[in-house]
Every structure is written in C-alpha cells, then in structure tokens.
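Scope of the values below: all heavy atoms of this structure, side chains included, with no hydrogens, waters or symmetry mates. Each residue takes its place number in the sequence, starting with 1.
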Amino acid sequence: MAKYFNVNGLCRPEKHYMVDLTSRLEQIKRMVDNGDYFTINRGRQYGKTTTLNALAEYLRGDYEVVSLDFQTMSTLSFEDEQTFVAAFAEELLDSAGDFPEEVEEQLENFAEGTARRNSLSGLFRVIKTWCGRLDKRVVLIIDEVDTATNNQVFLDFLAQLRAYYLKRPKVATFQSVILAGVYDIRNIRRKIRPDEEHKTNSPWNIAADFNVDMNFSASDIAGMLREYEVDYHTGMDIEDMSNRIYDYTSGYPYLVARLCKFMDERISGSEEFPEKADAWTKDGLVEAVKLLVNETNALFLSLKGKLEDYPKLRMVLYDLLFTGKPIPYTAMNDSIEIAAMFGFIRNEKGTAVIHNRIFETVLYNWFISDEYMDSKLYDAGLQGKSQFITGGHLNIRRILERFVESFDDLYGDQDETFLEEAGRRYFMLFLKPIINGEGNSYVEARTRNRERTDLVIDYHGEQFVIECKIWRGNAYNERGEQQLMDYLDYYHLKKGYMLSFNFNKKKHIGVQEIALGDKVLVEAVV
C-alpha cells in the first residue's frame with residue numbers, strides 16, 4: 001500500500017510520510033538517562049502521541065517501558081480512588097511485560113476489585129516491589145494525562161508519583177516519568193477550576209524543563225518531501241517548497257501535514273492542477289492554504305473554544321493582530337502562559353507573536369466575522385466587488401481608491417486614537433468580501449508594530465504587499481518607503497502599495513504613484 005500524509009492520529013513510518021524524529025528522540029533519551037521527571041505539553045495535534053510511540057520503541061533496548069494512555073480509560077475510572085486504582089492496574093497489566101507471580105497477582109486483585117483495599121498507597125507499594133525485582137530500570141510514560149484532571153483523585157495520584165520519585169535512589173521506583181498532554185503539569189489546577197486564581201503548588205515543582213523543539217524545521221520538511229519525491233518524481237524544488245510551507249506554518253506539525261495532504265490528494269488532479277507536478281508548486285501551495293484556512297477542523301475548533309473559555313487570552317491575541325501593540329513574552333503573565341501552552345503564540349526575541357500565518361489568518365477571519373453584520377465598510381467592499389476584479393486579477397489600486405473614499409465618508413472626522421486602534425482593522429473588513437473564497441491575506445509578523453503592518457495578499461497565484469502605516473511625518477514616511485522596497489525585494493515584486501492613516505488636518509487624501517528606482521509605489525492616504 002502506498003504511503004500517504006496522515007493528519008489523523010498516530011503516524012507510522014511504514015505507512016505515512018513523516019519527519020525524521022531521531023534527533024528529538026536522542027534529546028529526550030538524554031533526559032531519561034538523567035532520571036528526569038518532565039512533561040511534554042504542546043497544543044492539540046502537535047505530534048505528541050506519535051513522538052511518544054516512537055520514544056517507547058527507542059527506549060526499550062535500555063529500559064522497561066510502561067506506556068499508558070489515559071484517554072483509553074473510562075471517565076468513571078477517575079471518580080474515586082478505588083476505581084482509579086483498579087483501572088490503572090488493568091492498564092499496567094496490559095502494557096507492561098512479564099511480572100513476577102506475586103506482583104501480577106496483586107495487580108490482578110486491584111484490577112478486579114478483590115484486593116483488601118484498592119488504595120493508591122497499596123498500588124505504589126506493589127509498583128515499588130516490581131521495580132526492585134527488574135534487571136532494567138522502568139520508564140513511565142502517560143499520554144493524554146490531562147484527560148484525567150476532572151477531579152481530586154488524579155491530583156492524589158500525582159502526589160504519590162512525586163513522593164516515590166523523590167525517594168530515588170534509596171527506593172526502587174521509576175527511572176523517569178514522562179507525562180504528555182496539552183496542559184503543563186504545573187497548570188493542571190487551572191484546567192480543573194479555570195475561573196479561580198491559582199499558584200504553583202509545590203507537589204508539582206519537580207518537573208524538569210522540556211526544551212525539545214517539536215516544531216518541524218524547513219530541513220525536517222525537506223527530508224519528508226525527499227521521501228515523497230522518490231515515490232512520485234514531481235520535479236518539485238524541494239528546498240523552495242519546504243521553506244514556503246515553513247513560512248506559512250512555522251513548523252506546526254498538523255498544519256505542515258495538512259498542506260502536504262491537500263497538495264497530494266486534493267490539489268493534484270483538479271482542473272487547474274491536473275498532475276502532481278502541477279500541484280507541488282507555489283501556486284499549488286497557495287491553493288492548499290486557501291483550502292486550509294477556510295475549513296473547519298478539530299484544531300481550529302479547539303483554538304476557538306479556548307478563546308471562548310479564556311476572555312483575557314482573546315484580548316491578547318486581538319491586540320497582537322489589530323493594534324500592533326508589542327506584547328513582551330513574559331511567562332509569569334497568565335494570558336501569555338496560556339497562549340503559549342496552547343500553541344497559539346511563540347517567543348520571538350522576547351516578544352509574543354502569533355505562532356504562524358495560518359493561525360493568524362484564521363483568527364483574523366474569526367474576529368472580523370464578529371463585525372460583518374454592522375460594518376458599513378464591509379458592505380462597501382461587498383457592493384463594489386465586481387469593479388475590483390478584472391480578468392481574474394485583483395486591482396489593488398482600485399481597492400485603495402474606493403477604500404479611501406468610503407473611509408473618508410464614514411470616519412474622516414475621527415481622532416488619532418481611533419485611527420491607531422481601528423484603521424487597519426477597517427481596511428481588512430473592507431478587503432474581506434473582495435477576496436473571500438478566492439484568496440487569503442495575512443500580516444507579516446516581522447514588520448508588525450504600532451506604526452506599521454505589512455499585509456500580504458495571495459490571490460489566484462499573485463501576491464501583493466500593502467503596508468498599512470500611521471503617518472508620523474515625511475522623514476518617517478521615507479523610511480517606510482525604503483522598508484517596503486526591501487520587502488518587495490524579498491517577495492520578488494516590482495510594485496508595492498502603502499495605505500497611510502494621516503492625522504494632519506491639511507492632508508491630501510487620495511491615491512498616487514511614486515517611482516522608486518526600478519519599483520513603483522502606489523500610495524493611498526486617508
């Protein structure tokens with residue numbers, strides 16, 4: 001059976017095109033060799049289960065590996081101590097190797113509920129006996145650990161786990177403990193009672209830092225595509241394609257695999273891209289991005305759900321997207337910590353940024369959708385849509401001209417604060433119905449700040465860069481022009497666009513073209 005790109009559940013190298021995990025497994029094994037207790041917490045569909053499965057196999061030569069998945073245990077298993085011990089003992093019997101007869105009998109008694117008392121302390125005493133009789137040291141891996149965090153029994157389990165772990169090496173116990181889930185173990189209490197204030201609790205302060213980067217690099221993606229190319233000989237430029245996929249996803253594993261799957265299975269064979277060689281191109285990737293940002297999948301639903309659960313998190317992301325306000329990446333800030341834990345943001349030179357362009361586009365679309373019904377600018381863009389598209393090509397100059405007219409009619413008398421906070425957002429509202437269904441837009445994270453935002457539009461294989469900026473005088477404007485020219489070089493474009501929100505009462509609103517070297521700048525002033 002031919003391999004394919006998998007986006008659902010566990011990935012297996014014999015069935016799926018995968019990134020080579022060897023370097024990550026080596027890093028994690030060093031932590032195990034050191035006897036670390038740690039958590040692998042990443043956002044949904046980040047490849048945690050695939051990594052843990054590969055890790056269990058990687059460790060088996062040196063360790064006795066107990067690999068459990070709390071998601072397979074019934075929710076009833078966590079209602080009280082007795083049922084939890086029974087369920088845990090049953091999982092242990094299923095996942096581990098041979099047990100000494102006495103240990104196996106005691107675990108079966110726990111699992112069947114026939115022990116004199118099903119208690120955590122009794123369970124851990126049996127585990128201690130088992131660990132002491134083995135030739136190999138034991139590594140405990142628990143996936144989906146935050147599935148169990150709906151009541152106190154799980155916290156009691158963690159406390160026992162910590163107590164026995166700290167008794168090493170005087171007491172035979174686990175060499176290493178690895179807990180995986182979305183929530184960091186130090187944030188478990190926040191999941192149990194999200195509306196209360198919580199402080200780090202000492203029973204969980206022994207977890208070692210897990211600094212293994214689980215994002216895919218462009219080099220990782222290239223390795224996966226080379227394997228694909230051996231099978232299909234598309235002639236794609238692997239390095240260029242890998243870099244482009246990385247630029248859109250920042251290496252978020254699910255998004256990488258989803259884009260590849262779209263190009264392989266849905267873009268290829270379409271009317272516009274009849275062959276695989278046609279699909280694995282810049283234009284094919286843009287089409288795959290369009291499909292991705294417009295679909296409803298489990299990852300995007302999870303993202304939306306978390307923003308509804310955590311209003312402060314929504315405010316942080318809104319500010320990052322629309323105001324250009326620089327937000328320091330401070331782990332002590334609860335909203336920043338939560339956003340990073342869910343994989344929505346990342347740390348870029350001490351500043352919080354949205355993790356990737358795909359998330360950014362999805363969030364823009366969602367936030368803007370809240371304003372569609374009452375937005376006169378959205379209506380203006382919708383009503384004039386036909387005049388902005390000629391022969392399948394986007395007429396950016398005409399879009400800017402019409403936006404300037406509409407914005408001045410509706411908001412021309414607003415103050416500076418309004419323009420800073422709302423101007424760029426209103427342009428995106430105006431643009432949305434024009435490109436909806438045919439193109440995408442995103443903000444280039446490297447240039448976003450309170451004064452400047454570079455908006456990149458992908459439309460039918462063409463790219464346009466529009467710098468949205470707050471007017472701060474001629475000298476600043478000239479610097480902005482040079483920055484835009486540099487950015488056009490990066491995108492290999494000859495024409496760029498600038499939308500300036502000008503506070504000068506003597507300003508001349510309108511659109512003009514400016515020749516700058518071998519490039520043309522179309523500047524709109526409102």
Engineer: Heavy-atom count around Glu275 CD within 6.0 Å, excluding the residue itself: above 12?
Structural biologist: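 No, CD of Glu275 has 12 or fewer neighbouring heavy atoms, counting only those of other groups under 6.0 Å.
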
Engineer: In plain terms, say whether Arg402 and Glu405 are close enough for a salt bridge, that is, a side-chain N and a carboxylate O under 4.0 Å apart.
Structural biologist: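 Judged by the 4.0 Å cut-off on N to carboxylate O distance, Arg402 and Glu405 do form a salt bridge.
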
Engineer: Going by an N to O cut-off under 4.0 Å, is there a salt bridge joining Lys3 and Glu227?
Structural biologist: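 The answer is yes: the pair qualifies as a salt bridge.
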
Engineer: Please report the closest heavy-atom contact between Gly181 and Val145, naming both atoms and the distance.
Structural biologist: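 Shortest heavy-atom separation between Gly181 and Val145 comes out as N-CG1, 4.4 Å.
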
Engineer: In terms of heavy-atom contacts, does NZ of Lys312 have more than 12 from other residues, nucleotides or ligands at under 6.0 Å?
Structural biologist: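 No, not enclosed.
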
Engineer: How far does CG of Asp20 sit from CG of Asp220, to the nearest 0.5 angstrom?
Structural biologist: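 These two atoms lie 8.0 Å from each other.
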
Engineer: Between the side chains of Tyr318 and Arg425, does any donor sit under 3.5 Å from an acceptor?
Structural biologist: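 Yes, because at least one side-chain N or O of Tyr318 sits under 3.5 Å from a partner of the opposite role on Arg425.
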
Engineer: Quick one: do the His16 and Tyr4 side chains pair a donor with an acceptor below 3.5 Å?
Structural biologist: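 Yes, side-chain donor-acceptor contact under 3.5 Å.
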
Engineer: Taking all atoms of both residues into account, what is the closest heavy-atom pair of Gly381 and Ile434, and its distance?
Structural biologist: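 Closest heavy-atom pair between Gly381 and Ile434: O-CG1, 3.7 Å.
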
Engineer: List the atom of Cys468, the atom of Phe427, and the distance in Å for their closest heavy-atom pair.
Structural biologist: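 Nearest heavy atoms, Cys468 then Phe427: SG-CD2, 4.1 Å.
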
Engineer: Apply ring-ring contact (aromatic ring centres under 6.0 Å, His included) to the pair Tyr459 and Phe464, showing each step before the final yes or no.
Structural biologist: CA-CA 8 Å; Tyr459 191 87; Phe464 308 90; 7.6 Å; no

Engineer: Will you find, in the side chains of Asp143 and Thr49, an N or O donor that is under 3.5 Å from an N or O acceptor?
Structural biologist: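 Yes - a donor-acceptor pair under 3.5 Å links their side chains.
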
Engineer: Can you list the steps and then say if Glu438 with Lys432 is a salt bridge (Lys or Arg N to Asp or Glu O under 4.0 Å)?
Structural biologist: CA-CA 10 Å; Glu438 299 294 331; Lys432 178 63 178 174; over 6 Å; no

Engineer: Just say parallel, tilted or perpendicular for the rings of Phe407 and Tyr426, cut-offs at 30° and 60°.
Structural biologist: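 Because their plane-to-plane angle is over 60°, the rings of Phe407 and Tyr426 count as perpendicular.
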
Engineer: Is there a donor-acceptor pair closer than 3.5 Å between any side-chain N or O of Arg24 and the backbone N or O of Asp213?
Structural biologist: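 Pair found, side chain donor or acceptor close to backbone of Asp213.
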
Engineer: Looking at Arg226 and Glu229, does any basic side-chain N land under 4.0 Å from a carboxylate oxygen?
Structural biologist: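 Result for this pair is no, no salt bridge flagged.
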
Engineer: Nearest 0.5 Å, please: how far is CZ in Arg346 from OH in Tyr329?
Structural biologist: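 It comes to 11.0 Å.
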
Engineer: May I ask you to decide if Gly343's main-chain N or O and His355's side chain share a donor-acceptor pair within less than 3.5 Å?
Structural biologist: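 Checking the backbone N and O of Gly343 against the side chain of His355, no donor-acceptor pair under 3.5 Å is found.
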
Engineer: Could you check whether Asn215 and Tyr46, counting side-chain N and O atoms only, form a donor-acceptor pair closer than 3.5 Å?
Structural biologist: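 Judged by distance alone, the side chains do pair up.
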
Engineer: Are any of the side-chain nitrogens in Glu308 or Lys306 under 4.0 Å away from the carboxylate oxygens of its partner?
Structural biologist: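 No.
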
Engineer: Output the distance between atom CG (Asn440) and atom CD (Glu360), rounded to the nearest 0.5 Å.
Structural biologist: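 The CG atom of Asn440 sits 12.0 Å away from the CD atom of Glu360.
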
Engineer: One thing to verify: whether Asp240 and Lys282 come together as a salt bridge, which I'm taking to mean a side-chain N less than 4.0 angstrom from a carboxylate O.
Structural biologist: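 Here Lys282 does not pair with Asp240 in a salt bridge, since their nearest N and O are not under 4.0 Å apart.
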
Engineer: What distance do Thr351 atom OG1 and Ile327 atom CD1 have between them, rounded to the nearest 0.5 Å?
Structural biologist: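 Reported value, rounded in 0.5 Å steps: 9.5 Å.
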
Engineer: Is Glu523 salt-bridged to Lys495, going by a charged N under 4.0 Å from an acidic O?
Structural biologist: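 Salt bridge flag = no for Lys495 with Glu523.
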
Engineer: Can you tell me how far apart CG (Leu455) and CD1 (Ile466) are? Round to the nearest 0.5 Å.
Structural biologist: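 Reported to 0.5 Å precision, the distance equals 5.5 Å.
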
Engineer: Quick one: do the Trp280 and Tyr228 side chains pair a donor with an acceptor below 3.5 Å?
Structural biologist: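 Their side chains do contain a donor-acceptor pair, which is all the 3.5 Å distance test asks for.
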
Engineer: Is it possible for you to check whether Arg398 lies under 6.0 Å from the centre of the six-membered ring of Phe388, through NZ or CZ, and within 45° of that ring's axis?
Structural biologist: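 Verdict for Phe388: no cation-pi partner in Arg398.
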
Engineer: Is it true that Asp264 and Lys276 make a salt bridge, defined as a side-chain N closer than 4.0 Å to a carboxylate O?
Structural biologist: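 So Asp264 pairs with Lys276 through a salt bridge.
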
Engineer: Hey, mind stepping through Lys48 and Asn41 against side-chain hydrogen bond (donor to acceptor under 3.5 Å, both in side chains) and telling me if it holds?
Structural biologist: CA-CA 8 Å; Lys48 298 183 296 294; Asn41 68 288; over 6 Å; no

Engineer: Considering non-hydrogen atoms only, spot the tightest contact between Ser335 and Val316 and give its length.
Structural biologist: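 So the two residues come closest at CB-CG2, 3.7 Å.
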
Engineer: Less than 4.0 Å between a side-chain N and a carboxylate O, is that true for Arg258 and Glu295?
Structural biologist: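 A salt bridge is present here (some side-chain N lies under 4.0 Å from a carboxylate O).
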
Engineer: Hey, does the side chain of Thr281 reach the backbone of Asp278 with a donor-acceptor pair shorter than 3.5 angstrom?
Structural biologist: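 Yes, Thr281 side chain to Asp278 backbone: donor-acceptor pair under 3.5 Å.
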
Engineer: List the atom of Leu25, the atom of Thr51, and the distance in Å for their closest heavy-atom pair.
Structural biologist: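 Shortest heavy-atom contact: CD2-O, 3.9 Å.
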
Engineer: Does CD in Glu239 sit with more than 12 non-hydrogen atoms of other residues, nucleotides or ligands closer than 6.0 Å?
Structural biologist: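 Counting other residues, nucleotides and ligands, CD of Glu239 stays at 12 neighbours or fewer.
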
Engineer: With distance as the sole criterion, is a donor-acceptor pair present between the side chains of Asn6 and Lys261 under 3.5 Å?
Structural biologist: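 Checked: Asn6/Lys261 side chains show no N/O donor-acceptor pair below 3.5 Å.
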
Engineer: Determine the minimum heavy-atom distance between Met428 and Ser441, stating which atoms define it.
Structural biologist: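 Minimum heavy-atom contact is CE-OG, 4.4 Å.
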
Engineer: Please check if atom NZ in Lys376 has more than 12 non-hydrogen atoms from other residues, nucleotides or ligands closer than 6.0 Å.
Structural biologist: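 No, NZ of Lys376 has 12 or fewer neighbouring heavy atoms, counting only those of other groups under 6.0 Å.
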
